[in-house]
Structure formats: C-alpha cells, structure tokens
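This report concerns only the one structure given below.
Predicted model, so just to flag it, every value in this text is computed and none were measured.
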Amino acid sequence: MGKIIDESVQGTTLSLQKQKSNGRKLYIESYGCQMNFSDSEIVASILANEGFDTTQELNEADLVLINTCSIREKADLTVRKRLEKFNAVKKQRPHLKVGVLGCMAERLKHQFLEEEKIVDMVVGPDAYKDLPNLIQEIDEGRNAVNVILSKDETYGDIAPVRLNSNGITAFVSITRGCDNMCTFCVVPFTRGRERSRDPQSIIEEVNHLWDKGFKEITLLGQNVDSYLWYGGGLKKEYSKASDMEKALAVDFAQLLEKVALAQPRMRIRFSTSNPQDMTLDVIRIMAKYNNICNYVHLPVQSGSNRILKAMNRLHTREEYFELIDNIRKIIPDVSISQDMISGFPTETEADHQDTLSLLEYVKYDYGFMYAYSERPGTMAERKLEDDVPPETKKRRLAEIIALQREHCRERTEQHLGKIQEVLIEGLSKKSDEHWMGRNSQNTVAVFPKKQYKVGDFVMVRMDSCTSATLIGEAIRKN
C-alpha cells in the first residue's frame with residue numbers, strides 16, 4: 001500500500017506464465033512500497049511484448065532488473081548488495097545485462113553507470129515505455145539511461161501483469177507522483193509531480209479484474225485523496241484548465257463511487273491517504289456503499305505540532321483529531337492505521353510525549369512505525385541536522401511500538417462475538433487446515449477450512465484473538 005514498506009515481500013521475484021514466442025528470460029526483483037511492485041507488473045507487461053519471459057532463476061536470466069526504493073537507507077544497502085551478486089553472475093554469463101529501475105535511478109545514475117560501472121541501464125519510474133529502445137541500446141553494447149520525469153505519464157494504457165498474485169486481490173494504480181513535499185520524503189524528486197489517471201481506464205481495469213475472478217482491489221497512489229482528473233496533465237496546473245474541463249473533472253470521492261457502482265460485488269480499498277487532502281465526501285461515499293471497506297490508512301508521522309511543521313505536514317494535531325472524530329461519527333466501526341516517524345531532527349522529549357498522547361487519543365488498529373533515516377536529496381537532509389542520537393531514536397520507537405501493540409490488541413478484541421464477512425485469500429501461515437482472510441476493517445482472521453475455497457466470501461463468527469489476528473468459525477458462505 002502506497003509508501004508502506006512490507007518487509008515480508010522485499011526482493012520478491014516476478015513469475016509469469018510463459019509465452020511460446022518468447023525466447024529471452026527476464027529476472028526482476030522489487031523493493032520498497034507497493035507502488036514499486038505495481039510498477040514491476042507494468043515493466044513485465046511491456047517486456048513480455050518484447051520477447052521476454054520471466055524467470056525466478058537468476059542463473060537463467062538474459063536481463064536482470066532491480067526495482068529500487070529511496071525511502072530508507074536499508075533499501076540502498078540491500079540494492080547495492082544485490083547488484084554485487086548480479087555482477088558475480090555476470091562473470092559466468094557475459095551476455096547478461098543488468099538494469100536499475102525506479103526511485104534510486106535518477107539519484108545514482110552517474111555512480112552506477114559511470115563511476116562504479118555495475119549496471120548497463122538506468123530507468124526512472126516514468127520511462128518504462130522506453131524500455132524497448134533502451135534494451136536495444138544495451139544489446140548493441142552501449143549503456144542506456146532515461147530518468148526523465150513526465151508531466152502526463154500514468155501507464156493507464158498498459159494492462160499490468162499481477163505480481164505473484166493469489167488471483168483474488170489486486171492493486172490498481174490511480175495516481176503517480178506527489179506534490180506534498182514533506183521534508184523527510186524523496187518521492188516528489190524520484191517520481192515527479194502529481195498527475196491522475198483517466199477514470200475510464202481505471203474502471204476498465206477493475207472490470208477486467210472482476211472478469212478474471214479477482215474479488216478485491218486496492219486503489220493505489222502516493223496520495224489517493226489528491227486524485228483529480230480534468231483531461232490529463234499535472235494537478236498543479238488544474239487552475240489553468242478550461243471551464244468545460246473543470247465542469248467535467250473527477251475527484252477521488254467521485255472516482256470511488258464510480259468504481260463501487262461499476263462492480264457492486266467487488267471489495268474496494270484505497271491507500272495511501274493524506275490528512276490535509278482527505279475530505280469527508282470520501283468518508284460519506286465509503287459509508288454509502290457496502291463494497292467499500294471500512295478501513296482508512298491515515299499517516300500522521302508525529303503528534304507534535306512543532307515537528308509536523310518541520311516536516312511540512314500541512315495539518316496540525318488538532319485538525320487531525322477533528323478529522324478522526326468526524327470519520328468515526330460517519331463510520332463508527334471504521335478501522336484506522338498510521339505511519340509514524342520517531343527521532344525526526346530537533347525532536348525533543350516533549351515532542352515524543354505529544355506523539356504518545358496522539359496514539360492514546362486515536363487508538364489505531366495498527367501502524368507502521370520507523371526511526372528517522374536521513375534520505376539524500378530531501379529538504380530535511382539539506383536543511384536539518386540529524387541530531388537525535390540513534391539510541392534515543394531506538395528507545396522512543398520502542399515506546400511507540402509498545403503502545404501501538406496495546407491498542408492493536410484492544411481494537412482487535414472489539415470484533416469478538418461478532419459475525420463478519422471475510423474474503424478467503426489463502427492458507428493460514430500456521431496451519432494448512434485453516435483459511436486466512438480479512439474482514440472489512442482489514443483485520444486478519446483465521447478459521448477451519450471446511451468446504452470453503454479461496455475467493456469465497458464467508459460469514460465468520462469471531463470467537464477469540466491474538467493481539468492482531470482474529471480466530472473464528474465460518475458459519476456460511478455469503
């Protein structure tokens with residue numbers, strides 16, 4: 001989802017059904033947020049038409065691509081280690097070509113290509129349609145690079161493949177880039193300014209997914225609430241649109257309703273949201289349609305107004321509380337999750353206590369919590385000293401996680417005794433005799449398999465729980 005980093009899928013390789021006409025092998029690894037994994041699906045679709053089948057065996061590959069992330073330092077280190085591995089394989093397979101895709105591309109293009117000479121090709125997130133030309137360049141023995149950021153590329157005309165999909169849930173990208181310029185974040189510099197995808201192409205993709213048997217989609221973007229289609233182009237240039245374009249413009253609440261109406265039996269989620277851009281119109285649409293899940297991921301990053309200002313988050317803690325209160329008035333059983341950063345530059349103990357008090361007020365269902373990591377190219381890196389000692393960051397993060405864990409258990413227990421719809425996604429991690437799925441609030445539930453199958457919507461009675469997982473009994477198919 002959006003900028004959330006799911007550690008369990010980092011480095012996942014993409015595997016597709018082979019095509020008879022394809023004679024070359026592509027090995028592609030993905031790192032970072034779900035936007036990067038979605039982009040890998042687009043890349044695989046483009047290259048399938050250029051004669052490449054995917055492989056999960058590095059030693060079979062003719063082309064190795066690594067889709068990179070610049071959000072955290074750990075990702076940089078991992079990518080560098082993987083490139084060293086690929087170059088070791090290259091010594092045994094001299095024809096092998098290696099390329100870097102995604103968010104690290106622009107920042108490290110000279111270092112990778114010219115100084116260290118560890119890659120043949122560098123491709124930015126808006127240049128994937130140029131891959132056929134770039135591959136021709138490296139086939140002819142020349143290095144190739146395209147990191148130009150686009151004002152209008154949304155890949156709305158590319159039907160993405162599904163990355164190791166369970167065939168039940170899928171991500172549908174609706175925006176690219178970001179205009180928010182949070183001082184800790186490199187996304188506006190690596191993915192460019194914000195632009196939205198044609199709503200008709202989104203509806204067509206959702207319809208296609210339903211026809212293929214998918215039961216749940218997540219509308220995906222760095223900031224979905226900022227979605228605004230007025231015929232194409234950057235959001236920041238909307239003020240220059242004609243009166244007709246403005247009259248026919250589609251915002252996120254309207255898009256959400258269109259998707260809900262297009263496939264009334266398809267479950268719909270969305271991520272990531274931003275407090276300064278989310279409107280209550282979106283929440284009212286969620287409440288209106290049963291197939292839109294009662295779950296909002298609403299990153300806050302800090303509970304301190306002083307730190308929020310330093311982060312260039314264009315909301316205060318009081319405005320955030322008001323938004324949370326209004327969301328819960330409209331959807332009482334809503335689930336809300338957070339992103340939180342500990343140890344941002346100049347953060348004091350008082351700022352940290354403000355974050356803990358915010359957690360106490362909201363009592364999130366779950367969260368994604370990190371210690372601050374200075375990222376090259378961000379405003380924070382250029383203008384703020386990373387002055388919070390590592391041991392202080394670590395201790396504050398541990399306190400945040402411990403409090404969130406308490407709230408997670410408290411929120412999970414609120415489901416006990418209820419009968420809720422669960423979409424079966426696959427086997428439980430702990431038992432082949434149990435199914436795993438999620439309720440509308442995005443809480444994982446496990447229950448005995450019985451006669452049900454993957455993709456079924458079943459009504460489950462929630463009997464017990466761990467801190468984050470419901471354990472129940474399926475009563476009937478829904």
Side-chain angles (χ1 to χ4, degrees), residues 2-5 33 70-74 178-190 222-223 225-226 271-278 296-327 336-408:
K3 288 174 278 190
I4 298 168
I5 309 296
C33 68
S70 279
I71 295 293
R72 288 186 292 159
E73 183 180 9
K74 181 181 177 182
C178 186
D179 287 347
N180 284 338
M181 307 301 287
C182 300
T183 59
F184 56 81
C185 185
V186 75
V187 166
F189 307 105
T190 59
Q222 300 295 341
N223 181 12
D225 301 280
S226 198
S271 186
T272 293
S273 294
N274 191 301
Q276 71 204 46
D277 297 305
M278 172 165 267
V296 178
H297 181 61
L298 198 60
V300 63
Q301 310 300 358
S302 175
S304 161
N305 279 335
R306 191 181 70 81
I307 295 298
L308 288 171
K309 187 174 182 180
M311 289 176 165
N312 198 35
R313 302 287 287 178
L314 302 181
H315 63 86
T316 63
R317 85 187 246 127
E318 291 77 19
E319 289 167 338
Y320 187 84
F321 286 160
E322 182 180 2
L323 178 58
I324 293 288
D325 292 344
N326 284 327
I327 290 172
I336 302 173
S337 61
Q338 47 86 350
D339 287 354
M340 198 74 73
I341 296 171
S342 75
F344 189 77
T346 77
E347 184 186 75
T348 65
E349 201 59 33
D351 295 322
H352 173 58
Q353 291 301 319
D354 281 347
T355 291
L356 295 179
S357 71
L358 181 141
L359 288 169
E360 284 284 12
Y361 184 93
V362 179
K363 294 187 185 298
Y364 294 97
D365 293 70
Y366 42 95
F368 303 87
M369 298 147 286
Y370 311 102
Y372 174 72
S373 171
E374 188 175 78
R375 307 310 301 129
T378 61
M379 291 300 292
E381 186 259 346
R382 292 202 290 267
K383 296 192 173 183
L384 298 173
E385 181 186 352
D386 187 4
D387 60 353
V388 180
E391 60 273 16
T392 302
K393 289 182 187 178
K394 186 175 180 180
R395 189 259 304 166
R396 290 175 183 170
L397 178 61
E399 291 176 5
I400 290 169
I401 291 172
L403 186 55
Q404 179 57 59
R405 207 167 269 149
E406 287 179 26
H407 296 158
C408 185

Does any part of the side chain of L356, heavy atoms only, come nearer than 4.5 Å to the side chain of I400, both counted from C-beta? yes
In terms of heavy-atom contacts, P275 and L323 come closest through O-CD2, 3.8 Å
Given the options D351, L358, T348, S304 meets side-chain contact (heavy atoms from CB on, under 4.5 Å) only with D351
Distance col, row L397:CG vs E399:CD, nearest 0.5 angstrom, shows 10.0 Å
When rounded to the nearest 0.5 Å, the distance separating CD1 of I307 from OG1 of T355 is 8.0 Å
To the nearest 0.5 Å, atom CD of Q222 lies from atom CG of D179 at 11.5 Å
Do Q338 and V362 come close enough that some side-chain heavy atom pair is under 4.5 Å? no
d(I336 CD1, I324 CD1) to nearest 0.5 Å is 4.0 Å
* To do: Would you please test Y364 and Q404 for side chain to side chain contact (heavy atoms under 4.5 Å, CB included) and show each step?
  => CA-CA 7 Å; Y364 294 97; Q404 179 57 59; 3.5 Å; yes
I'd like to know if the side chain of E406 and the backbone of L403 have a donor-acceptor N/O pair within less than 3.5 Å. no
query: If you measure only the distance, is there a donor-acceptor pair under 3.5 Å linking the side chains of N180 and Q276?
result: yes
* Do H407 and D365 have side-chain atoms, one donor and one acceptor, less than 3.5 Å apart? -> no
query = With no hydrogens and no angle check, do the side chains of N305 and E318 hold a donor and an acceptor under 3.5 Å apart?
reply = yes
Looking only at heavy atoms, the pair that brings T316 and L308 closest together is C-CD1, 4.0 Å
Does any non-hydrogen side-chain atom of R313 lie less than 4.5 Å from one of C182? yes
*asked:* With a 4.5 Å cut-off on side-chain heavy atoms, are L384 and E374 touching?
replied: no
Of H352, E391, Q353, M369, the one forming a side-chain contact (heavy atoms from CB on, under 4.5 Å) with R396 is H352
- [ ] Please report the C-alpha distance between T272 and N223 in whole Å, then the side-chain angles of each, then the deciding distance to 0.1 Å, and finally whether the side chain to side chain contact (heavy atoms under 4.5 Å, CB included) criterion is met.
- [x] CA-CA 5 Å; T272 293; N223 181 12; over 6 Å; no
ask   = Is the shortest heavy-atom distance from the side chain of L359 to the side chain of K363 under 4.5 Å?
value = no
Scanning both residues in full, the closest heavy-atom pair of C185 with P188 reads O-CD, 3.9 Å
| said: With no hydrogens and no angle check, just 3.5 Å: does a side-chain donor-acceptor pair link H297 and S337? | reply: yes
CG of D225 to CE of M278, rounded to nearest 0.5 Å, is 4.0 Å
ask   = Between R382 and P376, is there a donor-acceptor pair closer than 3.5 Å when you use the side chain of the first and the backbone of the second?
value = no
> Under a 4.5 Å cut-off applied to non-hydrogen side-chain atoms, are K393 and D386 in contact?
Replying inline: yes
* To do: Applying side chain to side chain contact (heavy atoms under 4.5 Å, CB included), run through R317 and S302 and close with a yes or a no.
  => CA-CA 8 Å; R317 85 187 246 127; S302 175; over 6 Å; no
Heavy-atom nearest pair, Y320 first then P299, reads CE1-O, 4.1 Å
Would you say the side chain of I341 lies within less than 4.5 Å of the side chain of M311, judging by non-hydrogen atoms?
yes
query = Relative to each other, are the rings of F184 and F344 parallel, tilted or perpendicular (30° and 60° limits)?
reply = perpendicular
Can you tell me if T378 uses its side chain to pair, donor with acceptor, with the backbone of R375 under 3.5 Å? yes
- Message: Less than 3.5 Å apart, any donor N or O on the side chain of R306 or T346 sitting next to an acceptor on the other?
- Response: yes
Between the CE atom in M379 and the NZ atom in K383, the distance rounded to the nearest 0.5 Å is 3.5 Å
- Item | Side chains of S342 and Y372 in contact at under 4.5 Å (non-hydrogen atoms) | no
_Using the rule given for side chain to side chain donor-acceptor pair (under 3.5 Å), can you reason through D325 versus Y361, listing the C-alpha separation, both sets of side-chain angles and the distance that settles it, and then say yes or no?_
CA-CA 10 Å; D325 292 344; Y361 184 93; 2.8 Å; yes
Looking only at heavy atoms, the pair that brings S273 and L298 closest together is CB-CD1, 3.9 Å
Could you tell me whether a side-chain N or O of N312 sits under 3.5 Å from a main-chain N or O of M181, the two making a donor and an acceptor?
-> yes
